[in-house]
Amino acid sequence: MAALSELEPGTLPPRAEELRAQVREFLASWPFTPRCDSWLTGADPAFSRALGERGWLGMTLPESYGGHGRSPLERFVVIEELLAAGAPVGAHWIADRQTGPSILAHGTEEQRRRFLPAIARGECFFAIGMSEPDSGSDLASVRTRAERTDGGWRLNGTKLWTSGAHIAHAILLLARSAPREDDRHAGLSQFIVPLPSEGVTIRPILGISGEHHFNEVVFEDVFVPDELVLGRVGDGWRQVTAELAYERSGPERLLSTFLLIRLLNERATDPAARRALGGLLARLWSLRQASLAVAGALAAGETPDVQAALVKDLGTRFENEVIEVVRAHSPLEPDPASDDPLARALAEAVVQAPGFTLRGGTNEILRGIVARGLGVR
């Protein structure tokens, strides 16, 4: 296989197509109902374990920690196929996408041995404890407190819109461990909190469709031992910034509504509909190349936070535009109870659409990151 350094930007290694074929064969054999936004709304622990058995979780983790030592570009192929099919990947998504790499980069040897093999097996799911009632994209303003105590820390605060906390085995929490001073990015730390834990209350936040994906997570005098501090105390801002590059740049920022394109393509014969689909696919290909370039930068050990922010801004706006185009050319109205896959998928997409440009940082925040990176702010 060609070395990553020998590949042109935006290209995949030669083994990618072989891997792609394997994933498609597996998906054809597994019974599931395709969903829009499946990386958030589709959770099936058995499916996650099956991926782990095939070596498709923890792909980039070293073999010494239960991973498979493969490149981010090979992982890109696998998740691209899973998302395009609308497969139920929500249970393991956060652990595989960002928590595993974060623990590998910043964790102690004990933390790596404890969590990484289980993540790679599809047996350990994580939630992200970042957003708060008065602190969403502006993470430097978090109010959850971590106070020093004998042998560890006491956590108090509330996290909001916490995806999958009700099925997670642990939550990676960002908290203020020192009083806020002139540098608002200083004094933040990350903590691994096993779930359930005494003092942690998880309350469901139901979507407008009645489905349960989000949660409010309340921490009341929760004890976390020193051995579950991730990285250095006070270095949480730098760690989270690196973590967000994984969260903001992957194919999930382009493909949450791809199922609509596929379903409409199977039945659209009208020339106007075909032209509209062609336009969507052309834009999708360009965005895919940008996402792939970020994956290549991550593979090279870089931290492409500006590029990742740009991918998410453009990608999530595109996902919303897919809904508008497909609704304009679909013979069906959105209907969550319909037997028709297109009507069902449209209903799912419409319900989830308001969150596309919010989660992982609002588009306004992301544009500020890009502006600073370009030196114009």
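Hydrogens, waters and symmetry mates play no part in the numbers below; they use all other heavy atoms, side chains included.
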Are any side-chain N or O atoms of [X] and backbone N or O atoms of [Y], one a donor and one an acceptor, separated by less than 3.5 Å?
X: Gln289; Y: Ser286; result: no
X: Ser291; Y: Leu287; result: no
X: Asn215; Y: Val217; result: no
X: Thr257; Y: Glu319; result: yes
X: Gln239; Y: Leu230; result: yes
X: Asn156; Y: Arg145; result: no
X: Asp270; Y: Ala273; result: yes
X: Arg54; Y: Ala50; result: yes
X: Glu123; Y: Arg49; result: no
X: Thr162; Y: Glu216; result: no

Atom pairs and distances, donor-acceptor, side-chain atoms in residues 328-337, under 3.5 Å, two or more places apart:
unit_1, atom_1, unit_2, atom_2, d
Ser330, OG, Leu332, N, 3.0
Ser330, OG, Leu332, O, 3.1
Asp335, OD1, Ala337, N, 3.0

Is the His169 ring parallel, tilted or perpendicular to the Phe125 ring (thresholds 30°, 60°)?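 The arrangement is tilted - the two ring planes meet at 30° to 60°.
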
Plane angle bin for Trp93 and Trp39 - parallel if under 30°, tilted between 30 and 60°, otherwise perpendicular: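 Rings of Trp39 and Trp93: tilted, 30 to 60°.
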
Can you name the nearest heavy-atom pair linking [X] to [Y], along with the distance?
X: Leu27; Y: Ala87; result: CD2-CB, 4.0 Å
X: Cys36; Y: Ala345; result: SG-O, 3.6 Å
X: Val218; Y: Glu220; result: CG1-CG, 3.8 Å
X: Val351; Y: Pro354; result: O-CD, 3.3 Å
X: Leu51; Y: Leu82; result: CD1-CD1, 3.9 Å
X: Phe126; Y: Ala95; result: N-CB, 3.8 Å

Assess the side chains of Arg75 and Thr60: does a donor N or O sit below 3.5 Å from an acceptor N or O?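 No, no side-chain donor-acceptor contact under 3.5 Å.
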
Going by atom types alone, do Glu132 and Thr144 pair a side-chain donor with an acceptor below 3.5 Å?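 Yes.
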
Electrostatic pair [X]:[Y] at N-O distance under 4.0 angstrom:
X: Glu81; Y: Arg20; answer: yes
X: Glu211; Y: Arg35; answer: yes
X: Arg113; Y: Glu109; answer: yes

State, yes or no, whether a side-chain contact exists between [X] and [Y] at a heavy-atom distance under 4.5 Å.
X: Thr158; Y: Arg143; answer: no
X: Gln352; Y: Thr41; answer: yes
X: Pro194; Y: Leu228; answer: yes
X: Ile79; Y: Val89; answer: no
X: Asp44; Y: Phe32; answer: no

When you look at CD of Glu198, are more than 12 heavy atoms from neighbouring residues, nucleotides or ligands closer to it than 6.0 Å?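 For Glu198, atom CD is not crowded (no more than 12 foreign heavy atoms under 6.0 Å).
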
Trp161, CH2 atom: more than 12 neighbouring heavy atoms under 6.0 Å: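 Result for CH2/Trp161: open.
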
So that I know where these two stand, are Phe258 and Phe318 an aromatic pair - ring centroids less than 6.0 Å apart?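 Between Phe258 and Phe318, the centre distance exceeds or equals 6.0 Å.
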
Rounded to the nearest 0.5 Å, what separates atom CD in Glu17 from atom CG in Leu19?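 Answer rounded to 0.5 Å: 9.0 Å.
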
Show your working on side-chain contact (heavy atoms from CB on, under 4.5 Å) between Glu252 and Arg97 and close with a plain yes or no. CA-CA 10 Å; Glu252 69 270 28; Arg97 178 183 67 183; 2.8 Å; yes

